Amino acid sequence: MPFRIRQASLGDAATVCAHRRAMFSDMGHQDEAALDAMITEFLPWVEKQMSAGHYLAWFLTTNSGEIVAGLGLWLMDWPPHMIAPAKPRANILNVYTHPEFRRLGLARRLMDTALEHCRAHGIRNIILHASPAGRALYAAMGFSQTNEMRLILED
């Protein structure tokens with residue numbers, strides 16, 4: 001089955017949200033209320049970021065236009081750094097493929113699209129947070145573990 005890549009528009013924000021919710025659900029987050037709360041907060045954020053050109057997204061569609069996979073690229077304002085002194089830091093997120101379309105190379109095609117965008121715009125510093133299911137793909141594409149650490153403060 002042939003697939004086409006198209007760039008998302010602001011009108012696709014709800015689909016970006018649906019992919020984000022499904023991605024977290026697939027990673028084992030089953031608290032429906034928490035997933036709903038996340039999306040309630042995420043929708044206005046992603047709409048604002050898309051409107052400003054800081055969040056780009058691409059979809060893979062069937063010939064009939066059905067969206068079967070998606071990926072987001074958040075261009076983060078980042079201070080000058082030894083790796084990339086004058087460009088934003090790119091954060092790849094919300095990588096999602098509908099279950100019946102997995103293992104067909106669709107996520108790799110979307111990743112190639114996002115990385116080509118970064119190359120074309122001189123963006124060298126690209127990060128992502130990998131799910132266990134995605135680690136092998138990202139490692140095969142040259143991503144490596146870093147020294148980033150995390151602390152989540154309690155309310």
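This one's a predicted model, so the numbers in the text were calculated from it and none came from an experiment.
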Partner residues of Phe59 under the ring pair (Phe, Tyr, Trp, His ring centres under 6.0 Å) criterion, sequence neighbours left out:
His19

For His117, all residues meeting ring pair (Phe, Tyr, Trp, His ring centres under 6.0 Å), sequence neighbours excluded:
Trp58, His121

Count I, L, V, M, F, W, Y as connected when their side-chain heavy atoms are under 4.5 Å apart, and connections chain through other members. Are [X] and [Y] then in the same cluster?
X	Y	answer
Leu60	Met23	no
Ile123	Leu110	yes
Phe24	Tyr96	yes
Tyr138	Leu104	yes
Val95	Leu128	yes

Between [atom1] of [X] and [atom2] of [Y], what distance do you get to the nearest 0.5 Å?
X	Y	atom1	atom2	result
Asn125	Arg89	CG	CZ	5.0 Å
Leu106	Ile5	CG	CD1	9.0 Å
Leu56	Gln49	CG	CD	10.5 Å

Both conditions, 6.0 Å and 45 degrees, for the charged tip of Arg109 above the ring of Phe3: are they met here?
no

Quick one: are [X] and [Y] in side-chain contact, heavy atoms under 4.5 Å?
X	Y	answer
Leu93	His129	no
Pro99	Arg102	yes
Met141	Leu115	yes

More than 12 non-hydrogen atoms from neighbouring residues, nucleotides or ligands closer than 6.0 Å to CD on Gln145, yes or no?
no

Tell me, which pairs form a side chain to side chain donor-acceptor pair (under 3.5 Å) where one or both residues lie in residues 33-44, sequence neighbours left out?
Arg21-Asp36

Please list every donor-acceptor pair under 3.5 Å in which a side-chain atom of residues 8-16 meets a protein atom from a residue at least two apart or in another chain.
unit_1 : atom_1 : unit_2 : atom_2 : d
Ser9   : OG     : Gly11  : N      : 3.4
Ser9   : OG     : Asp12  : OD2    : 3.4
Asp12  : OD1    : Arg6   : NH2    : 3.1
Asp12  : OD2    : Arg6   : NH1    : 2.8
Asp12  : OD2    : Ser9   : N      : 2.8

Linking Ile, Leu, Val, Met, Phe, Trp and Tyr by side-chain heavy atoms under 4.5 Å, what else ends up with Leu151?
Leu153

Check for a donor-acceptor pair, side chain of Gln7 on one end and backbone N or O of Ala57 on the other, with a separation under 3.5 Å.
no

For Arg108 and Leu137, indicate whether the former's side chain and the latter's backbone hold a donor-acceptor pair under 3.5 Å.
no

Glu116 vs Asp112, side chain to side chain contact (heavy atoms under 4.5 Å, CB included): CA-CA, chis, key distance, verdict
CA-CA 6 Å; Glu116 182 51 41; Asp112 286 340; over 6 Å; no

Shortest non-hydrogen separation from Met27 to Ser131 and the atoms involved:
SD-CB, 3.3 Å

Table please: side-chain donor-acceptor pairs of residues 64-86 below 3.5 Å, with sequence neighbours left out.
unit_1 : atom_1 : unit_2 : atom_2 : d
Ser64  : OG     : Thr62  : OG1    : 2.9
His81  : ND1    : Ile83  : N      : 3.1

